[in-house]
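Let me begin by presenting the structure, written as structure tokens, before commenting on it.
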Amino acid sequence: MRVLYTWVCILITVCAATAGDVLVALAMRRIGDLGEFRRKRGVVPMLLRVLSSGVLFAGIFFMGIAFFSNLVGLSWADLSLMGPASAALTYITNALAAKLFLKEDVNRRRWLATIFVFCGVLILTHT
Amino acid sequence: MMVFGASGDALLARGVKQTGSIDVHHLLHVFAVLANPYVVAGIFSLLIFMCSYMTALSFADLSYVMPATAISYVLMTLLSIFWLHEHVGADRWLGILFIVIGVGLVAGEPLRTGDPPAAVTAIEAAEERR
């Protein structure tokens with residue numbers, strides 16, 4: 001049963017983390033370059049603009065779910081399973097979601113980079 | 001971003017291990033973990049990570065930022081060698097090699113791809129009219 005719980009946790013963590021990343025990326029894409037925003041209008045309007053984004057908070061909400069589900073998973077399973085599973089898989093799902101939902105140009109080179117990083121993180125976190 | 005992301009995770013893992021296993025029937029006990037100083041330090045690190053992450057995403061693609069920040073694993077391994085004097089085996093070096101190749105591949109990519117979202121073009125059009 002513990003194995004099942006762990007994998008459910010991993011699934012929730014990966015899905016929620018991806019949803020969170022995509023929503024935060026979407027929010028920041030809509031707001032635009034923060035450095036430029038700050039230079040043109042100042043720090044306070046920039047902070048107000050960021051904090052008034054509903055999409056951003058939706059993203060942070062999902063990140064929170066991923067965070068707590070990761071905590072619960074870490075308390076059950078060893079870091080050598082939870083770490084690679086949630087960290088490495090999120091790279092793949094994020095690249096997929098960036099292409100599907102954010103319409104980013106995830107070309108062959110970016111996929112290759114993602115897969116290399118996935119393998120690297122898998123090896124590093126598993127050992 | 002790299003430093004605080006990795007250290008936040010490490011601090012959290014340590015804190016959670018100290019407080020022990022969470023019963024599936026008492027999932028709300030997850031909040032008790034928040035009292036652990038390592039968990040607090042971990043959350044603080046992740047907060048700083050979050051701000052840097054958002055700034056990066058404001059001018060770069062998610063599919064660019066994600067692989068690029070994996071360099072934090074390399075940084076943590078180097079830290080564990082030079083600071084904690086840990087032994088790093090061949091398998092971990094292989095992992096590092098993979099990550100370095102991955103980051104090197106994405107580094108040559110343009111920061112931002114895809115259409116500018118409708119909201120941005122609308123704001124820019126409104127500004128030009130002013």
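Contact count against chain A (heavy-atom pairs under 4.5 Å) is highest for B:L62 among B:L57, B:L62, B:L94, B:I99. When A:N94, A:V24, A:T114 are compared by the number of non-hydrogen pairs under 4.5 Å with chain B, A:N94 comes out ahead. Taking A:A25, A:A98, A:C119 one by one and counting their heavy-atom pairs under 4.5 Å with chain B, the maximum is reached by A:A25. Heavy-atom pairs under 4.5 Å with chain A were tallied for B:Y64, B:F59, B:F98; the largest tally goes to B:F98.
Counted by atom type alone, A:T93 and A:T18 present one or more donor-acceptor pairs between their side chains at under 3.5 Å. A:N70 and A:T13 are not linked by any side-chain donor-acceptor pair at a separation below 3.5 angstrom, with hydrogens and angles left out of the test.
Interface residue A:V50: only side-chain heavy atoms are found under 4.5 Å from chain B. For A:L56, the part lying under 4.5 angstrom from a heavy atom of chain B is the side chain only. For A:L96, no part lies near chain B; criterion is any non-hydrogen pair under 4.5 Å.
Judged purely by atom type and a 3.5 angstrom limit, A:T90 has no side-chain atom pairing as donor or acceptor with the backbone of A:V14.
Proximity of A:K99 to A:R110: side-chain heavy atoms (C-beta onward) are nowhere separated by under 4.5 Å.
Within a 6.0 Å radius of CZ in A:F61, other residues, nucleotides and ligands contribute 12 heavy atoms or fewer.
Between the CD1 atom of A:I31 and the CG atom of A:L26 there is a distance of 9.5 Å, given to the nearest 0.5 Å.
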